[in-house]
Amino acid sequence: MAVNAASMLNRLLQYKTHKPQNQPNSLKSVTQSILTHLKSGRLQKAVSILFAYPEPFPHSLYARLFHLCSANDAIVEARKLESHLVTFCPLPPVFLLNRAIETYGKCGCLVDARELFDEMPERDGGSWNTMITAYARNGFQEKALCLFSEMNREGIFPNEITFASVLGSCGAVLELVLSRQIHAMVVKYGYSNNVVLGSSLVDVYGKCGVISDARRIFDQIENPNDVSWNVIVRRYLEIGDGKEAVSMFFRMFREDFTPLNFTFSNALVACSSMSALKEGMQIHGVVFKMNFERDKVVSSSLIGMYVKCGILESARMIFDQLGSKDLISWTAIMSGYAMSGRTREARELFNMMPERNVISWNAMLAGYTHLFQWEDALKFVFLMRRMTKEIDHVTLVLILNVCAGISDVEMGKQVHGFIYRHGFCSNIFVGNALLDMYGKCGTLNSARVWFYQMSQERDTVSWNALLTSYARHHRSEQAMTFFNEMQWESRPCKFTFGTLLAACANMFALNHGKQIHGFMVRNGYELDMVIRGALVDMYCKCRCVLYALTIFKEAASRDVVLWNTMIFGCCHNGRGREVLELVGLMEEEGVKPDHVTFQGILLACICEHEAELGKQYFNSMSNDYCIIPRLEHYECMIELYSQCGCMEELEKFIKSLPFEPTVAMLTRVFDACEKHGAVRFGEWAAEQHNQLNPSTLLRFELKDRRKMGR
DNA sequence: TTAGGGTTAG
């Protein structure tokens, strides 16, 4: 191996410094020797030399050694160092003992830290601060806060460092009341202009969900820095106000601050959450301008933004241009394909990944489950079990979705056993997925038993899952009973009402439907478009079209789905005229009809025997609205001509279909021919039918014979 | 000589 100049120099230095070890050494030369070892990164050796000398060393050397122990997580060396310090320094200065506490804290040895703290003959404010920080950094925020109270009880004055550390702990345990008290102390002690404390207050108020206070404090910071901006953007993102997060990001940029990579990431994630492509692209521009495109965090966030905004090609371009692709960027792009329904390409990427972790496995599995590709999902689960030991709560939720999707309750029970054995029972997501699985598999008793076992953990989602299971399996009465129980424990949400109203609609349970409607009105729930749709559907199915029309007309705005619900409701009640009127109003309101609307219109024409009008609408669909007629529209036209006895039109229509007529269509035509005595056309229909479906030939022959015998 | 934020992928 080549010996370079530096290593040669080090050897010479070592030789020089080690040489006097056999003689009485001056402290200076030993110190020099220690420093030489430190320069070469030999901390252990440096401390062992120190320990061989029963003399106090300069304070600066101890300080430096403690610092290095912290940086290298060297707990053994730190203990030796403290031992040397307290043994050979007659009066170790408090600041050095504080450094020892800090080192123990950074190495995660809180017992050592606290022991030293308790045994110190004398403490200063720094000792308290260091011990509080040691607790806070190791996840013992409650202990940090207790020590802060003790500090106050002992009459030690906290300073800005104490407050910053304690506010951090308050944020971690969401201690809003204490945060407000500390805020008051910050003002009282005259630290209002401290930017660190200002940012900490923004942070803690944001984490505790009082974003208005967070924003007020932010606006009061005289000179916010990059951290302050980062905090406010992040807090807006976390409370789900992506719009304000992005707006603050742009304000920061306008005020000439350079955002941190995390701030870019937060702003991009905010764009993803809102599918705000335009803003996302603007941020991409800033990323490029400020040379952040090679930053791992930023580039992965950009990939995520384009994926969530549906521009997979741009995401792919960024991924392809990355100099070094890491696990996260691979997972981001692979997941992008998976969640866009392109599972085949996602799987190709998955197979190419240089490394994978539980998140990448889950992302691929999620792609299959979201697309209801249960066979692929199942195969993938088995592969996953063979290839990796990593399984987390997300994996379990996805596997339970697969069990539900293929209605395999036996496999679901095995997963339940795994969950029980591996301590996932108290995870609310897993618990709710398990409940959903039992419900979807129709094992309602198991669902109910598990629901009661969830007891403390269950939430509104659990109640909704239980209600949905019963409602879906035609146990509307029981669902209503659960709804009554639910109100003692959890506030129903719009999903609850949606489920219950759909159950009532399917059971034609008008009284229950009215009760739910009344409950919502009495309790001030907003009747949004989705809920109005559910109410319209329920009332129509229960034959109360006038109620449905009232609810429909009172809607502040109506989308095409709501219009379609009303139109179909009228069709089911035989009110074709009203449908045709509604269609006119819909157009006046500027809502464009879709293929469902046209199906409703054609059904209405059937109700009203309006063959000519139906034909006009059918033609208008593709000519004026660019909607390609689907099978159901052709079926409607055949039904319309058949019912109206327009045999010539029917013959022309069926013979010009852009596809082979189906068995059902030919049967309908044959029946119409029989009814209207169209023998030649009927024979043609029979022949076509028999060629397609020889298994029911006999029935046709019988019909034919019956007709010939007349 | 002790302080704040942020970890992008399911």
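Throughout, a chain's letter reflects where its sequence line sits, starting with A, and its residues are numbered from 1.
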Ignoring backbone atoms, test whether Arg356(A) places a side-chain nitrogen or oxygen under 4.0 Å from the OP1 or OP2 oxygen of dA9(B).
-> no

Is the shortest side-chain N/O distance from Arg137(A) to OP1 or OP2 of dG4(B) below 4.0 Å?
-> yes

Scan [X] against the nucleic acid and name what it touches under 4.0 Å (heavy atoms): base, sugar-phosphate only, or nothing.
X         : result
Leu327(A) : base
Ser199(A) : base
Lys325(A) : nothing
Asn357(A) : base
Val394(A) : base

Proximity of Trp330(A) and Phe350(A) rings by center, below 6.0 Å | no

Under 6.0 Å between ring centres, would you say that holds for Trp128(A) and Phe148(A)?
-> no

Could Arg79(A) and Glu115(A) be called an ion pair, given the rule that one side-chain N must be under 4.0 Å from one carboxylate O?
-> no

note: Asn129(A), atom CG; dG4(B), atom P; distance rounded to Å ~ 11 Å

Closest heavy-atom pair and its distance - Leu145(A), Ser169(A) | CD2-CB, 3.8 Å

Can you list the residues that meet the ring-ring contact (aromatic ring centres under 6.0 Å, His included) rule with Phe424(A), with sequence neighbours excluded?
-> none

Please identify each residue that fulfils side-chain hydrogen bond (donor to acceptor under 3.5 Å, both in side chains) with Arg114(A), with sequence neighbours left out.
-> Asp118(A), Tyr135(A)

Using heavy atoms and a sub-4.0 Å distance, could you list which residues of residues 367-384 of chain A are near DNA chain B? By number, please.
-> none

Look at the side chain of Asn225(A) against the base of dG4(B) and say whether a donor-acceptor pair falls under 3.5 Å; ignore hydrogens and angles.
-> yes

